[in-house]
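Heads up: the structure comes next, in structure tokens.
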Amino acid sequence: NAGVMQNPRHLVRRRGQEARLRCSPMKGHSHVYWYRQLPEEGLKFMVYLQKENIIDESGMPKERFSAEFPKEGPSILRIQQVVRGDSAAYFCASSFRTGSSTDTQYFGPGTRLTVL
Amino acid sequence: GEDVEQSLFLSVREGDSSVINCTYTDSSSTYLYWYKQEPGAGLQLLTYIFSNMDMKQDQRLTVLLNKKDKHLSLRIADTQTGDSAIYFCAESISGGYNKLIFGAGTRLAVHP
């Protein structure tokens, strides 16, 4: 039973390019969370999605960032026109049940984005 | 507001006990978690405690919760070099789904 998978593990982009980060949740999980970890900081919530729905995007920057979790395929976090301040580790987590506060989140290994 | 605070660094000798402390602000938190992050890796769930409990023990790990003071601690008995990592405290915010608020992490260094 594979865990949460993220790819790529490392991504380098030049300023102004687009970054696409992928997350495949654990088998049977239909709830996905994205978090960002800046250097020397804790993880900050970005967005919570269920299949085909964005439930809470209160942690997403208003511009350039978007997320989706289609019916088929992985969840995608897209960052358009990246800037140096976007350099961070982006973690995806998935959970199984109803997405309630009793749900345990299982984290992927993260994608480390470096913007040159 | 929602905030979780931890001390940033802890150094212990191999074989000693480690105690990592955390304070949180949201009194409606339902669960509190401890995650471990090794260099270059994702987060590994170590243990969690429900907010109506005072203590939870799991092998070498003991979690203590003081709900009145909003203080959480993680004690690692017989600390080993393999325990060297960053430990994150997190609280789940009530509201129907499990949005986690993390502290900045405590870097634990274990030396011989």
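Every chain is numbered from 1 and lettered A, B, ... according to where its sequence line falls, protein lines coming before strand lines.
- E41(A) touches chain B through its backbone: at least one of N, CA, C or O sits under 4.5 Å from a heavy atom, while the side chain does not.
- Taking the ring centre of Y33(A) as origin, the terminal cationic atom of K99(B) falls outside the region bounded by 6.0 Å and 45° from the ring axis.
- For Y35(A), the part sitting under 4.5 Å from any heavy atom of chain B is the side chain, from C-beta outward, and nothing else.
- Counted by atom type alone, Q37(A) and Q37(B) present one or more donor-acceptor pairs between their side chains at under 3.5 Å.
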Report the C-alpha distance between T106(B) and L8(B) in whole Å, list the side-chain angles of each, state the deciding distance to 0.1 Å, and finish with yes or no for side chain to side chain contact (heavy atoms under 4.5 Å, CB included).
CA-CA 4 Å; T106(B) 298; L8(B) 294 182; over 6 Å; no
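- Of the atoms belonging to L43(B), heavy atoms from both backbone and side chain fall under 4.5 Å from chain A.
- Ring to ring, F88(B) and Y33(B) are not that close: their centroids are 6.0 angstrom or more apart.
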